[in-house]
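All remarks here apply to the structure that follows.
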Amino acid sequence: MTTRGGGTATKDDDSNPSTYSNQSKLKRLPLPTLEETMEKFNRTLQAMQSDEHHLETQTSISQFLANDGPKLQTLLQNYNASADGNGVGSYVEEFWSDSYLAPDCSVVLNLNPFFLLESHPDPKTAFDPVLRASELVFASLKLVYRIQNETLAPDTFRGKPLCMDQFKALFGSCRVPHEGQDVVCNDPGSRHVVVMRKNVMYYFMALWPDGTLAVSIADLVDILQAIVEDADNLNSDAQQEGNEGEEQYKASSWPKNAPVGVLTTLDRRSWSVTRKALLAVPESDNESALQIVDSALFVLCLDDVAPEDINDSASNMLHGTYRLKRNSEDAASYYQAGTCCNRWYDKLQIIVCEDGSAGVNFEHSAIDGHTALRFVADVFAETIINFAQSITKTIYGGTGSTVVPSVIDAPLRRATVLNESNEEPLLDVWPKRLDFSLNPKLDDVIFHAETHLGDQILSVNSRVLEYKGFGKNFITANKLSPDSFVQMSMLVAYYILYGKTANAYEASISLCMSQSLVKECAFFKLIAPCA
């Protein structure tokens, strides 16, 4: 593994550029002069200060320009030159990564964003969680093939090429906790998928060594159905509902499967210490299990809950549900059966609920919203195209792809078919369960992690607003940015509610520069600050 601090294309073809063919054309982010920075700083604050306060600001700026400013600018220029020589994309790259990887707070609510997908147009798929998950996984695997073989068409914005560096960390990546600062590890040759169901973890091989898909949608349906049945059987003895207010639930009260995934919701230093303790359990397979999870292409979470409305759906994608159950083996104890524990927040997660509703929750330090949006848009579009092809093939014959071309195309060699003609399977794609060995101390940490997560969930309300009074066209017609308009609306609402302003930052795309990031506005920080 290495550590990192819509269409198709053909490699080495000018008409169909490879994924990273535009990287050499991108310039480094320019370093502004000290005078340019201070002039912009002065102009920005003027709009937010009284005349008296702004005079104080101008005095401070003058003093800074005359004293410390030039010295710091020289240090920054030297750092920028050194970063260029060491292959660092820009003078802000390492600092920006630190802003995500250094904080000690939990990634849940504070860092991990989410997407809520539209329903599938085919009712047969829309309400079948296994089939919906299978189609999403299949489309994701096709995208993996394109990225690993560098045949994914590079992004552009208004005709200008954008940096594609983040796509190297989209799949097979994991945020790994460390005592000092987290790191993002990536396995560029990852071929397997991890699946979670009722806290039980499984994995299966999905790709051949060359990246070719080894499983079809039908194969994935069989694989995921087997996982659902196995996980549900493990939990079949814990069906008696509990009342959250009746009695205190306690550690080691989980029926069969301790929710190890909830450890990823801890503050990062505590998770680092606990991870070491998990690895240190004698005569266990914890190290290999963690390696399988860390290096997986992504995590598929099969939730056993059907959200009642769009608000519940959004909450489930953001942090999962909170639900206590009575342990049938110990009537005096309860355990957390909500989907909040059926997660591995350090990785890219595709989440599918019992009613077929789906979404994505992703670890934010490795990729920005722009990259995640390309993933979500291509994968969702491919599932729609697959439905269209299934309709047109009855009219035009074949697969229907000649009439409705795929958004993501990738070769498939079904391992199940090839295995039937060989004495030894060429590639075993059947799912395997991942079992973690624990001890009383780890049981206690998991219990307290789940309890703290529950407290956080119960303190947050999520509501989805779909405003229909006006939209982007009206805002841009008035020469305003839709993004800044929404931000200002939220800041005004916050001020009306709490009588004070909150810090926020404007989104700007710097992906037209080499190895750049999208500086996004994290709205949730206004509600759930890391403190």
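Position 1 is the first residue of the sequence, and the numbers go up from there.
Side-chain contact between Ile350 and Ser140: present, with at least one pair of heavy atoms (C-beta onward) separated by less than 4.5 Å. Within the 4.5 Å cutoff, the side chain of Arg28 has no heavy atoms near those of the Tyr91 side chain. The shortest side-chain heavy-atom distance between Gln166 and Asp368 falls under the 4.5 Å cut-off. Residues Val299 and Val195 have side chains not in contact (no heavy-atom distance under 4.5 Å, counting atoms from C-beta outward). Side chains of Cys174 and Ser295 form no contact here, defined as non-hydrogen atoms less than 4.5 Å apart. At a threshold of 4.5 Å between non-hydrogen side-chain atoms, the residues Glu150 and Tyr20 count as touching. Residues Val137 and Leu300 have side chains in contact (heavy-atom distance under 4.5 Å, counting atoms from C-beta outward). In this structure, Lys142 and Ser406 have side chains that are in contact, with non-hydrogen atoms separated by less than 4.5 Å.
Residues passing the salt bridge (Lys or Arg N to Asp or Glu O under 4.0 Å) test with Asp355, sequence neighbours excluded: none. Residues meeting the salt bridge (Lys or Arg N to Asp or Glu O under 4.0 Å) test with Asp346, sequence neighbours left out: Arg268. Listed by chain and residue number, Arg43 satisfy the salt bridge (Lys or Arg N to Asp or Glu O under 4.0 Å) test with Glu39 (two or more places apart in sequence, or in another chain). Ala358 is linked by a side chain to side chain contact (heavy atoms under 4.5 Å, CB included) to Leu117, Arg132, Leu136, Val352, counting only residues two or more places apart in sequence or in another chain.
The CD atom of Glu56 lies 12.0 Å from the CG atom of Asp51; values are rounded to the nearest 0.5 Å. Atom CG of Leu152 and atom CD1 of Ile147 lie 5.5 Å apart (nearest 0.5 Å). Rounded to the nearest 0.5 Å, atoms CD (Gln77) and OG (Ser82) are 13.5 Å apart. Rounded to the nearest 0.5 Å, atoms CG (Leu34) and OG1 (Thr74) are 9.0 Å apart. Interatomic distance, CE of Met317 versus CG of Asn361, reported as 9.5 Å (0.5 Å rounding). One distance of note links CG of Leu141 with CD of Gln148; it measures 9.5 Å at 0.5 Å rounding.
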> Thr501 and Leu491: side chain to side chain contact (heavy atoms under 4.5 Å, CB included), yes or no, with the steps?
Replying inline: CA-CA 7 Å; Thr501 58; Leu491 289 172; over 6 Å; no
> After noting the C-alpha distance and the side-chain angles of Gln487 and Asp483, does the key distance pass the side chain to side chain donor-acceptor pair (under 3.5 Å) rule?
Replying inline: CA-CA 6 Å; Gln487 287 195 57; Asp483 180 83; 2.7 Å; yes
> What's the verdict on side chain to side chain donor-acceptor pair (under 3.5 Å) for Asn316 and Thr339, showing C-alpha distance, side-chain angles and the deciding distance?
Replying inline: CA-CA 7 Å; Asn316 189 56; Thr339 62; 2.5 Å; yes
> Does the pair Gln336 and Leu324 meet the rule for a side chain to side chain contact (heavy atoms under 4.5 Å, CB included), with working shown?
Replying inline: CA-CA 5 Å; Gln336 180 58 255; Leu324 293 183; 3.9 Å; yes
>> Before you tell me yes or no, could you show the steps for Glu179 and Ser272 under side chain to side chain contact (heavy atoms under 4.5 Å, CB included), namely the whole-Å CA-CA distance, both residues' side-chain angles and the distance that decides it to 0.1 Å?
In response: CA-CA 6 Å; Glu179 291 184 17; Ser272 174; 3.5 Å; yes
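Atom NE2 of His452 has 12 or fewer neighbouring heavy atoms from other residues, nucleotides or ligands inside a 6.0 Å radius. No more than 12 heavy atoms of other residues, nucleotides or ligands sit less than 6.0 Å from atom OH of Tyr498. Remark: Leu72 CG is packed, more than 12 non-hydrogen atoms of other residues, nucleotides or ligands lying under 6.0 Å away.
A donor-acceptor pair under 3.5 Å is formed between the side chain of Asp267 and the backbone N or O of Ser270. In this structure a side-chain-to-backbone donor-acceptor pair under 3.5 Å is missing from Ser484 to Leu480. Judged purely by atom type and a 3.5 angstrom limit, Lys347 uses its side chain to pair as donor or acceptor with the backbone of Ala296. Checking side-chain atoms of Ser190 against main-chain N and O of Gly172 turns up no donor-acceptor pair under 3.5 Å. At least one donor-acceptor pair closer than 3.5 Å links the side chain of Thr264 to the backbone N or O of Gly261.
Residue pairs meeting the side chain to side chain donor-acceptor pair (under 3.5 Å) criterion with at least one member in residues 454-472: none, sequence neighbours excluded. Each ring pair (Phe, Tyr, Trp, His ring centres under 6.0 Å) pair with one or both residues in residues 46-65, not counting sequence neighbours, would appear here, but there are none.
Side chains of Gln181 and Asp98: a donor-acceptor N/O pair is present below 3.5 angstrom, by distance only.
Using the six-membered ring where Trp is involved, Phe362 and His364 have ring planes that are perpendicular, over 60° apart on the 30 and 60° scheme.
Between Phe95 and Tyr79, the distance separating the two ring centers is shorter than 6.0 angstrom. The aromatic ring centroids of Phe115 and Phe380 lie 6.0 Å or more from each other.
Classification of Glu363 and Arg175 as a salt-bridged pair holds, one side-chain N sitting under 4.0 Å from a carboxylate O. We find that Arg343 and Glu450 are not joined by a salt bridge, their nearest charged nitrogen and carboxylate oxygen being 4.0 Å or further apart. At a threshold of 4.0 Å, the pair Asp304-Arg197 does not count as salt-bridged, since none of the basic side-chain nitrogens sits closer than that to a carboxylate oxygen.
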